[in-house]
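Down below is the structure, laid out as structure tokens.
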Amino acid sequence: MTDSKRDWTRLVTRAAVILGIGAVLAALVAALGSAMGLWGFGTGLKALRYFFFAAAAGALLGLIGLVMARRRAKLMLANLLALVVALGFVLYLGNLVRIAKSVPAIHDVATDLEDLPQFARLKVRADNLESVPDEGKPELKALPPEERWKALHRAHYGDLRTVRLAAPPAEAARRTAELARERGWEVAAAEGDRVEATHTSTFFRFKDDVVVRIRPAPGGGSQIDMRSISRVGGSDVGMNAKRVRAFLADLQRS
């Protein structure tokens, strides 16, 4: 291998590591900075777009460097590491984008839209249903925001329904609070017919508030309704609905 080719191989490898691994580290800084309040969530999320493209370039350079560095173990290892880290990050963000496009850009979900479970201790964000997308559909645009939200909710999350437990309300409430704590949620209230709690995401520290309403069911047992709302953002990428489904399924099994 000529000196010129060696220089190019080192240059490509260095660029792959800086762009590929550096983009992932920068994304972590953006997330942690938002979580610590050093800058807004919007700024952190916007930065991820740039880091996505940087990581994609790093993955491509890592692949090229891997080919160029044949029989040079250290350079091959560096390029392979950059490729794996950057590609994993790109696929992760790409999957989130795919999910976001498949769900409505709403952040409030519930099992009962006509008689919404209400928070008593935690506060619903002031702008909760002020901006609801119409998805470019005239029939949705003509509706007031709350009715538009209900229409989108029914179309995409029609599977979210009231569930019934054989346990009496007091026992159902106890099991609900216990399950929330097992998930690491911060329980704000566990009184009477409701449990209120907050889930905090790992990196950005997004907070979603949850209320579970427990009522006596006709004929005995309990009927359970649940609502989950994101404190910030327009779209929750389907996370609130996923949380409600998983929680109620586990509650029924408990």
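A salt bridge (charged side-chain N to carboxylate O under 4.0 Å, His left out) check over residues 82-110, counting only residues at least two apart or in different chains, returns the pairs Asp108-Arg227. Within the structure, the side-chain hydrogen bond (donor to acceptor under 3.5 Å, both in side chains) test picks out the following pairs touching residues 15-37 (sequence neighbours left out): Ser34-Trp39. Legend: ring-ring contact (aromatic ring centres under 6.0 Å, His included) pairs involving residues 134-159, not counting sequence neighbours, sorted by first then second residue: Trp149-His153, His153-Tyr157. Within the structure, the ring-ring contact (aromatic ring centres under 6.0 Å, His included) test picks out the following pairs touching residues 215-254 (sequence neighbours left out): Trp185-Phe247. Residue pairs meeting the salt bridge (charged side-chain N to carboxylate O under 4.0 Å, His left out) criterion with at least one partner in residues 191-207, sequence neighbours excluded, are Arg121-Glu191. Listed by first and then second residue, the ring-ring contact (aromatic ring centres under 6.0 Å, His included) pairs involving residues 86-139 amount to none (not counting sequence neighbours). Screening residues 11-32 for ring-ring contact (aromatic ring centres under 6.0 Å, His included) gives no qualifying pairs among residues at least two apart or on separate chains.
A search for salt bridge (charged side-chain N to carboxylate O under 4.0 Å, His left out) contacts involving Arg253 returns Asp250, not counting sequence neighbours. Listed by chain and residue number, nothing satisfies the side-chain hydrogen bond (donor to acceptor under 3.5 Å, both in side chains) test with Arg49 (two or more places apart in sequence, or in another chain). Scanning for salt bridge (charged side-chain N to carboxylate O under 4.0 Å, His left out) contacts around Arg174 gives Glu171, Glu178, with sequence neighbours left out. Residues that satisfy the ring-ring contact (aromatic ring centres under 6.0 Å, His included) test with Phe204, not counting sequence neighbours, are Phe206.
Between Ala78 and Val17 the shortest heavy-atom distance is O-CG2, 4.0 Å. Summarising the geometry of Pro168 relative to Ser222, their closest heavy-atom pair is C-OG, 3.0 Å, with the distance given to 0.1 Å. Residue Asn79 comes nearest to Val12 through the heavy atom pair OD1-O, 4.4 Å, listed as atom of the first residue, atom of the second, then distance. Residues Ala172 and Ala167 share a closest heavy-atom pair of N-CB, 4.3 Å. The shortest heavy-atom contact between Asp209 and Lys123 is OD2-O, 4.1 Å. Shortest non-hydrogen contact noted between Leu48 and Leu93 is O-CD1, 4.0 Å.
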List the atom pairs, with distances to 0.1 Å, where a side-chain N or O of residues 52-69 and a protein N or O form a donor-acceptor pair under 3.5 Å, not counting sequence neighbours.
none

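Hydrophobic clustering, with ILVMFWY side chains joined whenever heavy atoms are under 4.5 angstrom apart, keeps Leu129 apart from Met239.
Open room surrounds CD on Glu186; 12 or fewer heavy atoms of other groups in view lie less than 6.0 Å from it.
Using modelled atom types, one finds a donor on one side chain and an acceptor on the other under 3.5 Å when comparing Arg243 with Asn240.
Counting only distance, with no hydrogens or angles, the side chain of Arg148 and the backbone of Leu143 share a donor-acceptor pair below 3.5 Å. With hydrogens and angles disregarded, no donor-acceptor distance shorter than 3.5 Å links the side chain of Ser228 to the backbone of Val109.
For the atom pair OG1 of Thr176 and CZ of Arg213, the computed distance is 13.0 Å after rounding to the nearest 0.5 Å.
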